[in-house]
2 protein chains.
Amino acid sequence: MTTEGQGLHTHVLDTLGLAITAGAYPQGSVLRTDEVAQRFDVSRTVVREVVRVLESMHLVESRRRVGVTVRPTEEWNVYDPRVIRWRLAGADRPRQLRSLTVLRSAIEPVAAGLAAHHATPEQCAELTECALGMVATSRGHQLEGYLEHDIAFHRVVLNASGNEMFARLGDVVAEVLAGRTHHRVMFDDPDPAAVTLHVQVAEAVREGDAVRAEEITRQIAVGALAELDVLAP
Amino acid sequence: MTTEGQGLHTHVLDTLGLAITAGAYPQGSVLRTDEVAQRFDVSRTVVREVVRVLESMHLVESRRRVGVTVRPTEEWNVYDPRVIRWRLAGADRPRQLRSLTVLRSAIEPVAAGLAAHHATPEQCAELTECALGMVATSRGHQLEGYLEHDIAFHRVVLNASGNEMFARLGDVVAEVLAGRTHHRVMFDDPDPAAVTLHVQVAEAVREGDAVRAEEITRQIAVGALAELDVLAP
DNA sequence: CGGGCACTAAAAGTATGACGTTTATGTCTC
DNA sequence: GAGACATAAACGTCATACTTTTAGTGCCCG
């Protein structure tokens, strides 16, 4: 997860981004371009480009005669997918998972309601397929397969909502679901009630019942939040 | 709004970003680093840094031997504040305003509900103050003053929710509200009903009534959506 | 003693030229 | 016609020199 290895730039960016979001450099710390270049054994050119990207994420601020200073957490672009990945990989992963789950619980019910109106026949079919896949993998320690269908399901809902901002949250949801699965005790199968709810959402969307789709999705969200309380009290 | 004038980098970035998000370069278009450098009369260094930032926003993709290609809209990082600004300044501003308003309508009610639990006394006071300010400026063509208090109000709610992801949406909400105000006929005062609702939200939050805070905020959202339908049918 | 002004130097910003690396594309052969 | 090979185009990286901004210092004057 750290390097991604496709170029010096990416490596330095990932390493620095991970370190900063992990809190290795507290707010106000300064990095000097030359130092960083030396430390990673790359040219200043590369470091500058990295700094520019970190700057665009509001993780740091570069000022003349002072260096690259780390900005306070409240100013970070926490919706940047890379920032999310870094933070989920870091120390305050539980905190992060919680705030993202709350975000989901606000978005997804509304998205499901919209999907009931806007979903194409193809999307309805996909949705049903995903739900069936979830049912099929919900027993017998097939968590990975279940996760895959779960992610696909929520992605389709978000896309079918017809709202661009919702659709682009698909990656975030994927991260959250993956994070949750991989941090759960690997023995217990998914909650059967949740599986049923997903099937019902697929139904409601297919039938164009927005109110029901929203309501049931809200129940799923409540369940996710409750589960979070159990895992991270 | 275009230049911001603090450095070549910023100027080129803003110009290119604006052009790309405005659709001046359709998906798949290629930019050549050298060409851009020549066009803006800057060094390749600057252009490369700009490209890296655009790349980090998933607006473009840079590949060897082919150039900098514009990515399809669905892949933009639409939560990046700069992307939002650019798109709000561009042609499909109405579309953009709508999708952002839908986002608001999903987030803010939940945020208000959380705020009822988490708001500090200071935040409650601020909220009341904002609501009073809205009342005071709601009549007599003081739209600018009203806007200011409106923005402050929603910002406080989002911050008081205690959820980081919600809090960071303050800027987006500010943009949306500003955009709405500045595109409304300047003669008509704000809807008195909306003003009342804001006051009631402040009350509910102060009293810790989460359900009511959420419900009333949802009414505000409904109103905003309805208003949007009138302006952009 | 204090405040303001000029100077300095540190660090980022910019420009340029050279070279490395990947890869789309055309060509050549079988 | 298919596959191997060569080529060149564009980005990727590096090194270096120069410019610009600005924090910090210290001097001078009131």
Side-chain angles (χ1 to χ4, degrees), chain A residues 2-17 19-20 24-72 75-77 82, chain B residues 2-17 19-20 24-72 75 82:
Chain A
T2 312
T3 68
E4 231 175 271
Q6 40 168 334
L8 295 184
H9 175 268
T10 307
H11 173 238
V12 177
L13 177 63
D14 250 10
T15 308
L16 272 186
I20 292 174
Y25 305 94
Q27 156 183 359
S29 307
V30 308
L31 304 173
R32 252 79 56 86
T33 306
D34 292 315
E35 278 182 16
V36 176
Q38 224 174 337
R39 194 175 116 212
F40 286 92
D41 193 37
V42 295
S43 69
R44 286 198 328 144
T45 312
V46 171
V47 177
R48 297 200 81 271
E49 288 168 10
V50 168
V51 167
R52 278 270 139 82
V53 173
L54 291 174
E55 207 174 15
S56 96
M57 300 170 172
H58 276 66
L59 292 188
V60 302
E61 185 182 8
S62 176
R63 272 160 52 205
R64 278 170 150 135
R65 164 67 207 230
V66 54
V68 178
T69 72
V70 177
R71 306 181 74 152
E75 297 179 10
W76 295 353
N77 273 181
R82 234 166 321 188
Chain B
T2 313
T3 68
E4 230 171 274
Q6 41 168 334
L8 297 183
H9 175 267
T10 307
H11 173 238
V12 177
L13 177 62
D14 249 11
T15 308
L16 271 187
I20 292 174
Y25 304 95
Q27 156 184 0
S29 305
V30 307
L31 304 173
R32 251 79 57 85
T33 307
D34 293 323
E35 278 183 17
V36 176
Q38 224 175 333
R39 193 175 117 212
F40 287 93
D41 193 37
V42 295
S43 68
R44 294 194 327 274
T45 313
V46 171
V47 177
R48 297 201 78 269
E49 288 169 11
V50 168
V51 167
R52 277 274 139 81
V53 173
L54 291 174
E55 207 174 16
S56 96
M57 300 170 171
H58 276 64
L59 291 187
V60 302
E61 184 183 7
S62 177
R63 273 163 50 206
R64 278 168 150 135
R65 163 68 211 228
V66 55
V68 178
T69 72
V70 177
R71 306 180 73 153
E75 297 178 11
R82 233 167 319 189

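Lettering of chains follows the sequences in order, A, B, ..., and the numbering in each one begins at 1.
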**Request:** Measure across Ser56(B) and Val53(A) and return the closest heavy-atom pair with its distance rounded to 0.1 Å.
**Result:** CB-CG1, 3.7 Å
**Prompt:** Can you check side chain to side chain contact (heavy atoms under 4.5 Å, CB included) on His11(A) and Val42(A), steps first, answer last?
**Reply:** CA-CA 11 Å; His11(A) 173 238; Val42(A) 295; over 6 Å; no
**Prompt:** Could you give the distance from CD (Gln27(A)) to CZ (Arg71(A)), rounded to the nearest 0.5 Å?
**Reply:** 10.5 Å
**Item:** By side-chain contact (heavy atoms from CB on, under 4.5 Å) - contacts of Arg48(A) (at least two apart)
**Value:** Thr33(A), Arg52(A), Glu49(B)
**Complete:** Here the residues of residues 57-68 of chain A within 4.0 Å heavy-atom distance, strictly under, of DNA chain C are Ser62(A), Arg63(A), Arg64(A), Arg65(A), Gly67(A)
**Request:** Can you tell me the distance, in whole Å, between the CG atom of Leu8(B) and the P atom of dA12(C)?
**Result:** 18 Å
**Request:** Would you mind reading off the distance between Arg44(A) atom CZ and dG13(C) atom P, rounded to a whole angstrom?
**Result:** 9 Å
**Asked** When you measure from every atom of DNA chain D, which of residues 34-43 of chain B have a heavy atom less than 4.0 Å away?
**Response** none
Got a list of protein N/O to nucleotides 26-28 of chain C N/O distances below 3.5 Å?
none

**Smallest separation among heavy atoms of Val70(A) and Pro26(A), with atom names** = CB-O, 3.9 Å
**Asked** Which heavy-atom pair separates Val66(A) from Val30(A) by the least distance, and what is that distance?
**Response** O-CB, 4.2 Å
**Message:** Please find the pair of heavy atoms, one from Ser62(B) and one from Val68(B), that lie closest to each other, and give the distance.
**Reply:** OG-CG2, 4.1 Å
**Prompt:** Any side-chain heavy atom of Leu13(A) within less than 4.5 Å of one from Arg82(A)?
**Reply:** yes
**For Glu35(A), side chain to side chain donor-acceptor pair (under 3.5 Å) partners two or more places apart** = Arg32(A)
**Message:** Does anything in residues 45-53 of chain B come within less than 4.0 Å of DNA chain C? Heavy atoms only, and list the residues if so.
**Reply:** Thr45(B), Val46(B)
**Message:** For Thr69(A) versus Gly28(A), what's the shortest heavy-atom pair and its separation?
**Reply:** CB-O, 4.4 Å
**Request:** Start with the C-alpha gap between Trp76(A) and Ile20(A), add the side-chain angles, then the distance that decides, and say whether side chain to side chain contact (heavy atoms under 4.5 Å, CB included) holds.
**Result:** CA-CA 11 Å; Trp76(A) 295 353; Ile20(A) 292 174; 4.2 Å; yes
**Separation of dC11(D) P from Leu31(B) CG (nearest whole Å)** = 9 Å
**Message:** If you define the side chain from C-beta out and look only at heavy atoms, does anything of Phe40(B) sit under 4.5 Å from Leu16(B)?
**Reply:** yes
**CD (Glu75(A)) with more than 12 external heavy atoms under 6.0 Å** = yes
